[in-house]
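Some notes on the structure that comes next.
First the proteins, then the strands, lettered A, B, ... as listed; each starts at 1.
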2 protein chains.
Amino acid sequence: MRIGDLAKATGVDIETIRYYEKAGLLPEPGREANGYRTYRQEHLERLAFIRHCRALDMPLESIRRLLDFVAHPEAECGDINRLIDAQLARVQARLNSLRALESQLVALRAQCGENHSAQECGILHELVAAAHGEACACHSTD
Amino acid sequence: MRIGDLAKATGVDIETIRYYEKAGLLPEPGREANGYRTYRQEHLERLAFIRHCRALDMPLESIRRLLDFVAHPEAECGDINRLIDAQLARVQARLNSLRALESQLVALRAQCGENHSAQECGILHELVAAAHGEACACHSTD
DNA sequence: CTTGACCCCGGAGCGGCTCCAGGGTTTCCA
DNA sequence: TGGAAACCCTGGAGCCGCTCCGGGGTCAAG
């Protein structure tokens with residue numbers, strides 16, 4: 001399998017595959033006489049593993065550690081749990097802040113309905129007032 | 001006001017202030033004879049404006065455009081609304097994907113309770129199985 | 001013999017900072 | 001008066017996870 005075939009089979013961009021190799025996530029593939037990379041089934045599976053983890057938004061460093069566990073199945077898996085927990089905590093923290101952000105933006109957007117001059121725009125007034133330290137619709141819900 | 005005073009007054013890191021200046025968001029401050037930057041009230045307000053927008057997770061480019069509106073209050077504000085709407089759409093899209101992600105991670109985490117060898121770790125099994133294209137707990141909820 | 005599809009490499013660019021090295025200036029205290 | 005601590009300056013690199021670019025080699029079809 002050449003890199004283009006692997007890319008097609010997994011839906012991963014060629015540049016990204018080379019990047020994973022450079023980043024030490026994909027083992028170095030074989031080479032044809034002309035220097036082209038050649039991949040085998042195990043590369044495909046490894047790449048699919050990486051992408052599945054990325055779909056769970058894991059940083060590459062975490063994936064590297066998971067791959068270590070795949071390579072050393074006798075190790076204790078406590079770290080795997082901690083890794084998933086940490087990832088979950090990150091996601092939940094981000095969710096909380098985005099939920100707050102959403103309501104702030106909704107409140108801000110409600111300040112301006114019509115199309116008029118910026119001078120009279122409630123949104124802009126809000127933002128400027130907030131910069132003066134005054135109470136603002138968008139952050140009153142904090 | 002020197003840069004350190006401005007930093008203290010706004011809670012913004014000194015390096016970040018200099019970065020905003022380089023990025024064209026903060027107007028160039030005056031300079032003392034020794035080259036130190038000197039800021040006035042208007043810089044403080046502008047910086048507060050920027051930080052308020054950043055708290056709403058707006059990209060610097062959007063903030064630049066808002067600052068243009070502040071400078072040209074006679075312009076139509078339709079673009080402001082569109083800008084906020086776009087921002088809101090981004091936030092909501094990200095919220096949706098994070099909500100899905102959260103339940104995927106919760107499902108994945110449920111695969112492993114105890115501390116045992118990686119070989120028997122349900123989480124790792126899940127991830128490897130998913131890489132083989134099999135159904136996985138974490139993505140069954142998509 | 002040319003066209004086009006594929007592959008190689010190294011390096012730059014994105015956003016929004018953050019940190020660092022290597023220097024100058026000012027302020028405070030003994 | 002001296003020396004340390006605290007502040008300021010600049011330009012450039014580093015972070016993450018790609019993505020794109022330029023400049024080149026390779027190979028099969030028409």
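Residue B/Arg18 is in base contact, counting any heavy-atom pair closer than 4.0 Å across all strands shown.
B/Arg51 has a side-chain polar atom (N or O) that falls below the 4.0 Å cut-off from OP1 or OP2 of C/dC17. Checking the phosphate oxygens (OP1, OP2) of D/dC27, a side-chain nitrogen or oxygen of A/Asn34 falls inside 4.0 Å. Contact check, B/Thr16 against C/dG16: no side-chain N or O comes under 4.0 Å of OP1 or OP2.
Taking atom CD1 of B/Ile3 as the reference point, atom P of D/dC7 lies 13 Å away to the nearest angstrom. Remark: C1' of D/dC16 and CD of A/Gln87 are 14 Å apart, rounded to the nearest angstrom. The OH atom of B/Tyr36 sits 11 Å away from the P atom of D/dC7 (whole-angstrom rounding). Rounded to whole Å, the distance from CZ on A/Arg37 to P on C/dC8 is 5 Å. At whole-Å resolution of the value, CG in B/Asp13 and C1' in C/dG16 are 12 Å apart. Rounded to a whole Å, the CG atom of A/Asp5 is 16 Å from the P atom of C/dA5. When the P atom of D/dG17 is taken as reference, atom CD1 of A/Ile17 falls 17 Å away, rounded to whole Å. The nearest whole Å value for the distance from the CZ atom in A/Arg54 to the C1' atom in D/dT19 is 14 Å.
The stretch residues 20-33 of chain B touches DNA chain C through B/Tyr20, each having a heavy atom within less than 4.0 Å of the strand.
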message: Go through it in stages, so that I can follow the logic: the residues are B/Tyr39 and B/Arg46, the test is side chain to side chain donor-acceptor pair (under 3.5 Å), and I'd like the CA-CA distance, side-chain angles, deciding distance and then a yes or no.
response: CA-CA 11 Å; B/Tyr39 297 93; B/Arg46 183 120 163 185; over 6 Å; no
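Within the 4.5 Å cutoff, side-chain heavy atoms of B/Leu60 are placed close to those of B/Arg64.
When the side-chain hydrogen bond (donor to acceptor under 3.5 Å, both in side chains) test is applied to A/Glu15, no partner is found at least two apart in sequence or on another chain. Checked against side-chain hydrogen bond (donor to acceptor under 3.5 Å, both in side chains), B/Arg2 has the following partners two or more places apart in sequence or in another chain: B/Glu32.
A donor and an acceptor atom never sit less than 3.5 Å apart when one is taken from the side chain of B/Tyr19 and the other from the base of C/dG15. Judged by distance alone with a 3.5 Å cut-off, a donor-acceptor contact links the side chain of A/Glu15 to the base of D/dC20.
Comparing B/Arg2 and B/Pro59 against DNA chain C, the residue whose closest nucleotide sits nearer the 5' end is B/Pro59. Nearest-nucleotide positions on DNA chain C for B/Arg64 and A/Gly35 put A/Gly35 closer to the 5' end.
A salt bridge links B/Asp79 to B/Arg82: one of the charged nitrogens lies within less than 4.0 Å of a carboxylate oxygen. Using a cutoff of 4.0 Å between basic side-chain nitrogens and carboxylate oxygens, A/Asp57 and B/Arg94 are scored as salt-bridged. Salt-bridge annotation for B/Glu21 and B/Arg37: present, with a side-chain N of the basic residue lying under 4.0 Å from a carboxylate O of the acidic one.
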